[in-house]
Structure formats: structure tokens, C-alpha cells
Amino acid sequence: MTPLVLLLLIVFLVWFWQISQRCRDTAIQTARQTCKQQGVQFLDGTASLQSLRPYYTRAGGPGLKRTYTFDYSEDGLVRRTGCIIMHNVQVTSVLVDS
């Protein structure tokens, strides 16, 4: 492997890591806001990445579809799971039980 290829690989990995961290932060903030709007308790204070898949749309072109899950509780006893779906860095869906 040439030094240039190795350098490009390292740059790509750092870029991908930064984008992934930004998406995770966005998912946590979205989960926190959703729980506040729904009047439920946001548990654990985090969202975890469940899947990362390539996708393609005619309007948006190629990208990555990230699915994050988070836990919340209505009464402090029963734990429920919500889901945040992101296309690239945009939140497209937030799913919670009503």
C-alpha cells in the first residue's frame, strides 16, 4: 500500500468518524426533544446505533441510512423503545409508541 493511499484511507476514516459523531449527537438531541414534547422520561440519556445501511433515492441520490434507538418511560416503571431514522445527517422519522 502506497503512502498516498494510506493517507487517503486515514483521512476518509477520520471524516466518517466525525460525521458519525455528529449524527449520534443529533439523534440524542432529537430523542431528548421528542421525550420532552411527549411528556415522557428520556432514559439513559443516549441513543444507540442499531443499523447502518447504504440507500439510494432518486431525489437525494446515494447515502447512508442510520437507525438509532432510545429508551423512554411514561411512568418510571415500564421501559419502552423509540426509534430515530436518519438519511445521511437528516432526521427523517421519529417513532414512539403513543
Worksheet item: Taking side chain as C-beta onward, heavy atoms only, is Lys65 less than 4.5 Å from Thr57?
Response: no
Discussion item. Between Thr69 and Thr81, is there a side-chain donor-acceptor contact under 3.5 Å, judged purely by atom types and distance?
Written reply: no
Worksheet entry | Min side-chain heavy-atom separation Ile85-Leu95 under 4.5 Å | yes
Worksheet item: Heavy-atom distance under 4.5 Å between the side chains of Met86 and Leu49, does that happen here?
Response: no
Fill in: Ile84 side chain reached by Val91 side chain, heavy atoms, under 4.5 Å
yes
Item to complete: Can you see which heavy atom on Leu43 is nearest to which on Ser73, and at what distance?
Response: CD1-CB, 3.8 Å
Discussion item. Please give me the minimum heavy-atom distance between Cys83 and Phe70, naming the atom from each residue.
Written reply: N-CE2, 3.7 Å
Practice prompt. Determine the minimum heavy-atom distance between Pro62 and Tyr56, stating which atoms define it.
Written response: N-CD1, 3.5 Å
Response to the item:
The reported gap from OG in Ser20 to CG in Leu52 (rounded to nearest 0.5 angstrom) is 6.5 Å
Worksheet entry | Separation of Arg80 CZ from Gln41 CD (nearest 0.5 Å) | 14.0 Å
Discussion item. Do Ser48 and Gln50 pair up side chain to side chain, a donor and an acceptor below 3.5 Å, judged on atom types alone?
Written reply: yes
Worksheet item: Just how far is it from atom OG1 of Thr34 to atom NZ of Lys36, taken to the nearest 0.5 Å?
Response: 12.0 Å
Worksheet item: Atom OG1 in Thr46, atom CG in Asp25: separation rounded to 0.5 Å?
Response: 9.5 Å
Practice prompt. Find the distance between CZ (Phe42) and CD1 (Ile28) and round it off to the nearest 0.5 Å.
Written response: 6.5 Å
Practice prompt. Only pairs at least two apart or in different chains count here, so list each ring-ring contact (aromatic ring centres under 6.0 Å, His included) that has a residue in residues 77-96.
Written response: Tyr55-His87
Item to complete: Using modelled atom types only, decide if a donor and an acceptor are shared between the side chain of Arg66 and the backbone of Asn88 within a distance under 3.5 Å.
Response: yes
Practice prompt. If a pair satisfies ring-ring contact (aromatic ring centres under 6.0 Å, His included) and one of its residues is in residues 14-39, list it, with sequence neighbours excluded.
Written response: Phe12-Trp15
Worksheet item: Considering residues, nucleotides and ligands other than Gln33, do more than 12 of their heavy atoms fall under 6.0 Å from its CD?
Response: yes
